[in-house]
Protein chains: 4
Amino acid sequence: MGMARTTVRARRDADRAGADAGAAERRKQILTEAGRLFAKQGFEGTSMREIAAATGLLSGSLYYHFASKEELFVAVYEANIRAVGEAVEGAIEGIDDPWECFEAAAIAHCEALLTGEKTSILDAKFPPVLAQVRSQLIRARDEHERLFDRLIAPLDLAADIDRVLFRLHVLGALNSAILWYKPSSRLTPADVARHVIKVLRYARQGAATAEVR
Amino acid sequence: MGMARTTVRARRDADRAGADAGAAERRKQILTEAGRLFAKQGFEGTSMREIAAATGLLSGSLYYHFASKEELFVAVYEANIRAVGEAVEGAIEGIDDPWECFEAAAIAHCEALLTGEKTSILDAKFPPVLAQVRSQLIRARDEHERLFDRLIAPLDLAADIDRVLFRLHVLGALNSAILWYKPSSRLTPADVARHVIKVLRYARQGAATAEVR
Amino acid sequence: MGMARTTVRARRDADRAGADAGAAERRKQILTEAGRLFAKQGFEGTSMREIAAATGLLSGSLYYHFASKEELFVAVYEANIRAVGEAVEGAIEGIDDPWECFEAAAIAHCEALLTGEKTSILDAKFPPVLAQVRSQLIRARDEHERLFDRLIAPLDLAADIDRVLFRLHVLGALNSAILWYKPSSRLTPADVARHVIKVLRYARQGAATAEVR
Amino acid sequence: MGMARTTVRARRDADRAGADAGAAERRKQILTEAGRLFAKQGFEGTSMREIAAATGLLSGSLYYHFASKEELFVAVYEANIRAVGEAVEGAIEGIDDPWECFEAAAIAHCEALLTGEKTSILDAKFPPVLAQVRSQLIRARDEHERLFDRLIAPLDLAADIDRVLFRLHVLGALNSAILWYKPSSRLTPADVARHVIKVLRYARQGAATAEVR
DNA sequence: AATGAATGAGACTTCATTCAT
DNA sequence: TATGAATGAAGTCTCATTCAT
């Protein structure tokens, strides 16, 4: 009891550089640990007790910061989406050529997804337990996907390609890497992304596909 | 009590109208209902009691047919994969042109996935609860994917395309439709599949993508 | 584990006189124990674990018989009301004189209420936790009170007395004994009831109260 | 942090406009809100957090004013009893006729009970959680009931009526209104009280009930 | 006087599973 | 083959309370 509290406080004192800190910091810790666990074990496979323990808390204490497991999941999910979004935005900064830009975004997206355990929940076909918060999750995801829409717009795609289906195609291909990618492989996440884009790049205007069918 | 059982058996015998099995038939019923429920609610979101009720049984009775929930899930999964595989094989029968064949397979795969609730578990990034049977599930999936390898082999893809990554790309793009496809949409599953293939078809040998990068 | 089960079965075997018995009996046991505990400790003060333990079960097992604590409470409440109702009906059988009949009913009601721990939940101003099932509880109570309406109807009460308020008055006076009555007292429940009726009996037609006010 | 506190204090000082206390005032606020909530939701149905929030405090802060939830309840209860007592004493002031006086008291008691949510805890058959403080609660109630004893003493009741049982009878009949009274009804609390007294008034000395039984 | 963060016990409930019948 | 009754572990969440600041 006394020990646990001491431990926590000690850690916090060490962490903060004279700033005010406090609850916000603890929230971040929880978000980190929960993200890691949700990614590894899924929503239903992760217990609040586990998350609490990983943060150095007792299970009841989580509820001071998040009103429910669902709310916590939503927060984790949004944070993850935001992180990937920021990574992508950072990666494309200053790149002019549309295809180069597109590829850089794909690489950043893929790396954020496959590197670090915390973000692999992104692909989740949300379990029905999350039905109540589904709309929030989808809104967050949509926002991220609109980023890709903006990158796809300036591409000189062949005229018969639907840009919405194209966006779904890219993201589907990229995200599915989560299902099979193993960090131990000789392939980097960037390699995976680059190959996806390489394939798609053939579908530019003026490309010779006329005779088919 | 003894009487009650007799009554029940008598009624069932009457229902069966000279049919063969009994146990095997019941197994199939369970598989069907379990498949429907797993697809709709996920593995963890579906209870054995629910499955039993849907089959007209009590929860304990399931264990006569399947030793555990996991074993039942594996059976459902294998049956689903097999069904999709058969649909695909049926669809490509008699088609000679490699790309035509490829497209027909994609359409069949997509239709099996998006039509009928029973197969949408295919995309599942298996919950960690299933870790013990993971290898069986993956083996089943691999078998299905090798079918696609055979269809991809004869395609005249551009030389710089890796056929394994290409297969993962296709299936990723197709399977991801599960995350967004709504039957109410004006798009048919076949439309989705056709668009995926249309995009990929540009990546044939001799296609003009030379100047890129 | 083995022991617990054996104990339970042994008890059941002893209880049933060759009849079919089974779940119905267990239901009754639970009702009895739950009634006793609810009466002594209130709804919120009684845990399902306690009730289960008192019945020789584990807490989860209760849910085979009752879907929720609320449902269990309703069942207990209805059983209690019914028991009081039957006691009252038995007591008035064959009595012709209206006031005699009324008194006999009051005595029976009071005895059922104060004797045996199980029925003293009757007075409960239901805790708000029970809001969802409140209507069921009230319906049960109303039915019992209508029995009293039938007994009050033939009384030759003074003309200025409202029979509905009169019924509420009687039952209020009788039921309130729960708040103060102690079995150790030299007063029997019947004495209490008799005194209530004695006071009310003065309010008959033709009674001399004219000059007041 | 230090700053935040200063801000808060400054604001409060401004609000207080030269008033006296601070703590005593706060205590009263808490008592009011707690009373309202206990009345509406019961002791167990009301959380300290709720009470704190209603008072504009955080849950921890309550413990500066009250050592425990039980102590707070006792304080509320005593305050309520005292309020009802004072209302009754005020109502009977200057009335000479014993029955008039008795009726005035009943009306005041009933109005205090049914009007204003704060006093309806009076009827509470205290939940067993309150066992530790039960004696204090009962002492407070007894004091109030002794007030009624003083009003009943001078009544010219029929000789066979026990004055203690009579007091319990009156209060039982009056208090039970809490279980069924609805403010929306066409009946005022005073009507209810008046009817109770009207019925009892018949039981005066010399009333003609001789022939019964 | 009050805050905020944490405690830790305990509540209800669900669920896969077992096993005698 | 199927039933019904029970198991027991685990899960989410609530709550009174504490205490350093």
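Lettering of chains follows the sequences in order, A, B, ..., and the numbering in each one begins at 1. It should be emphasised that the depicted structure is a prediction, and the values quoted were computed from it without experimental measurement.
For a distance-only test at 3.5 Å, the side chain of A:Ser59 qualifies as a donor-acceptor partner of the base of F:dC13.
Residue order along DNA chain F, read from the 5' end via each residue's closest nucleotide, puts B:Leu57 first among D:Glu44 and B:Leu57. Both D:Gly56 and C:Thr46 sit near DNA chain E, but only D:Gly56 has its closest nucleotide nearer the 5' end.
What separates CD of B:Glu50 from C1' of E:dT17 is a distance of 17 Å, to the nearest Å. The separation between D:Glu25 atom CD and E:dA2 atom C1' is 16 Å, rounded to whole Å. Atom CD of D:Gln41 and atom C1' of F:dC15 are 14 Å apart (whole Å). With rounding to whole Å, D:Met48 atom CE is found 14 Å from E:dA2 atom C1'. The CG atom of A:Leu58 sits 14 Å away from the C1' atom of F:dT18 (whole-angstrom rounding). In this structure, CG of D:Leu37 is placed 12 Å from P of F:dA16, rounded to the nearest angstrom. Distance A:Arg27 CZ to E:dG4 P: 15 Å, rounded to the nearest Å.
Put simply, the residue from C:Ile51, C:Leu31, C:Val76, C:Val74 that forms a side-chain contact (heavy atoms from CB on, under 4.5 Å) with C:Phe66 is C:Leu31.
The strand DNA chain F forms stems, runs of 3 or more Watson-Crick or G-U wobble pairs with distances below 3.5 Å, at E:2-21 with F:2-21.
Listed pair D:Arg26 / E:dA2 meets the phosphate criterion, a side-chain N or O lying under 4.0 Å from OP1 or OP2.
Nearest to the side-chain atoms of A:Arg49 among the listed nucleotides E:dA1, F:dT12, E:dA11 stands F:dT12.
When every heavy atom of B:Met48 is checked against every heavy atom of B:Leu62, the shortest pair comes out as O-CD1, 3.3 Å. The two residues B:Ala75 and B:Arg27 have their closest heavy-atom pair at CB-NH2, 4.3 Å. Closest non-hydrogen pair, B:Glu44 versus A:Gly45, comes out as OE2-N, 4.2 Å. Between A:Tyr63 and A:Ser68, the shortest heavy-atom distance links the atoms CE2-CA, 4.1 Å. Across all non-hydrogen atoms, the minimal contact from B:Phe73 to B:Phe43 is CD1-CD1, 3.4 Å.
Of all the residues in residues 60-72 of chain A, A:Gly60, A:Tyr63, A:Ser68, A:Lys69, A:Glu70 reach under 4.0 Å from DNA chain F with at least one non-hydrogen atom.
Using a distance-only test at 3.5 Å, with no hydrogens or angles considered, a donor-acceptor pair links the side chain of B:Glu50 to the main chain of B:Ser47. No side-chain donor-acceptor contact under 3.5 Å links B:Gln136 to the backbone of B:Val133.
Between A:Arg36 and A:Glu33, at least one side-chain nitrogen of the basic residue sits less than 4.0 Å from a carboxylate oxygen of the acidic one, meeting the salt-bridge criterion.
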